Amino acid sequence: MKIFLNKIYFKLQFSFKKPLVYTNGDYIKQIAHFNQKQLLKNLDLHNFGLKTDQIEIRRKKYGINTLKNTKFNWILEFLKAYFGPFNIILAIITIYNLFSYFTTNDTSIYSLVAAIIVGTMILLSGTLIYIQSIRAFLLLNI
């Protein structure tokens with residue numbers, strides 16, 4: 001258990017730019033070394049899992065475990081959806097195809113068709129990402 005928690009702590013520590021600060025860091029480190037009996041005794045539990053009356057007592061003591069409601073930033077999510085790295089690469093490909101179609105003397109329509117296909121991919125990709133972010137926000141705030 002200790003090795004598992006240390007690995008998680010190590011990954012979390014280096015996955016963010018800001019250092020992680022825990023309000024109960026010392027307590028978490030202390031109980032990480034407990035066996036099951038010590039953990040049950042320390043947390044005032046008779047077995048793993050809580051009964052209804054224990055839940056009510058803990059809600060009064062610690063508060064309700066809920067997520068904070070946030071506002072959905074429509075413009076920022078739209079920009080993230082349509083100007084992500086994948087869509088920027090596709091836009092560069094589309095611009096190149098359009099440029100090559102209009103600047104070369106070749107009468108081939110392949111560059112124009114490629115630009116239309118890639119442009120459609122940009123629209124579909126951005127739209128799907130945007131819809132998914134809206135759906136995720138709505139699911140979190142129901």
Side-chain angles (χ1 to χ4, degrees), residues 1-40 42-45 47-142:
M1 177 92 174
K2 178 183 175 185
I3 295 171
F4 177 73
L5 290 175
N6 285 340
K7 285 182 182 179
I8 290 175
Y9 178 74
F10 181 78
K11 287 180 183 179
L12 287 175
Q13 185 178 9
F14 292 102
S15 64
F16 300 102
K17 292 181 181 178
K18 296 179 184 177
L20 295 175
V21 178
Y22 297 107
T23 54
N24 296 328
D26 294 332
Y27 178 67
I28 292 171
K29 288 178 185 177
Q30 179 185 2
I31 64 171
H33 300 287
F34 288 170
N35 61 26
Q36 286 185 354
K37 288 182 182 179
Q38 292 171 328
L39 185 64
L40 288 172
N42 189 284
L43 296 176
D44 265 344
L45 299 173
N47 56 5
F48 288 104
L50 298 174
K51 295 181 181 174
T52 307
D53 56 338
Q54 292 173 323
I55 292 171
E56 293 301 323
I57 292 169
R58 289 180 186 271
R59 279 189 183 155
K60 289 177 185 173
K61 185 175 180 181
Y62 300 112
I64 297 175
N65 187 12
T66 59
L67 296 173
K68 295 179 182 177
N69 287 337
T70 58
K71 288 186 174 181
F72 187 75
N73 192 342
W74 296 91
I75 296 170
L76 182 62
E77 290 299 325
F78 181 82
L79 293 174
K80 282 183 187 177
Y82 284 98
F83 295 104
F86 179 67
N87 285 345
I88 290 173
I89 291 170
L90 290 178
I92 292 169
I93 293 170
T94 302
I95 291 168
Y96 172 76
N97 285 332
L98 287 173
F99 181 77
S100 67
Y101 176 74
F102 288 115
T103 58
T104 59
N105 292 332
D106 189 14
T107 59
S108 173
I109 197 164
Y110 293 119
S111 293
L112 182 62
V113 171
I116 291 171
I117 290 171
V118 176
T120 305
M121 289 173 60
I122 292 171
L123 288 175
L124 286 174
S125 172
T127 303
L128 290 175
I129 292 169
Y130 190 59
I131 289 171
Q132 289 292 1
S133 64
I134 292 171
R135 290 178 67 194
F137 174 77
L138 293 175
L139 283 174
L140 284 176
N141 290 315
I142 289 180

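Keep in mind it's a predicted model, so treat the numbers as computed, not measured.
- I129 contributes atom CD1, which lies 11.0 Å from atom CG of L124 (distance to the nearest 0.5 angstrom).
- Scored by the salt bridge (Lys or Arg N to Asp or Glu O under 4.0 Å) test, R59 finds E56 as partners (sequence neighbours excluded).
- More than 12 heavy atoms of other shown residues, nucleotides or ligands fall within 6.0 angstrom of atom CG in L76.
- Taken to the nearest 0.5 Å, the CD1 atom of I93 stands 12.5 Å off from the CD1 atom of I117.
- Residue S111 comes nearest to S100 through the heavy atom pair OG-OG, 3.3 Å, listed as atom of the first residue, atom of the second, then distance.
- A pairwise comparison of heavy atoms in I31 and L39 identifies CB-CD1, 4.3 Å as the closest pair.
- Under the rule for a side-chain contact (heavy atoms from CB on, under 4.5 Å), the partners of A115 that lie at least two apart in sequence or sit in another chain are T94, N97, L98.
- Annotation for D26: atom CG does not count as buried by contact number, only 12 or fewer foreign heavy atoms lying within 6.0 Å.
- Across H33 and Q38, no two heavy atoms sit closer than the pair O-OE1, 4.4 Å.
- Here the CD1 atom belonging to I55 is positioned 12.0 Å from the CD1 atom belonging to I64, to the nearest 0.5 angstrom.
- Rounded to the nearest 0.5 Å, atoms CG (L79) and CG (N73) are 8.5 Å apart.
- Residue pairs meeting the side-chain hydrogen bond (donor to acceptor under 3.5 Å, both in side chains) criterion with at least one partner in residues 79-93, sequence neighbours excluded, are Y82-T127, N87-S125.
- Under the rule for a side-chain contact (heavy atoms from CB on, under 4.5 Å), the partners of K51 that lie at least two apart in sequence or sit in another chain are D53, Q54.
- Each ring pair (Phe, Tyr, Trp, His ring centres under 6.0 Å) pair with one or both residues in residues 90-134, not counting sequence neighbours, appears once here: F78-Y130.
- When all heavy atoms of L43 and R58 are compared, the closest pair comes out as O-NH2, 2.7 Å.
- Scanning for side-chain contact (heavy atoms from CB on, under 4.5 Å) contacts around Q30 gives Y27, F34, with sequence neighbours left out.
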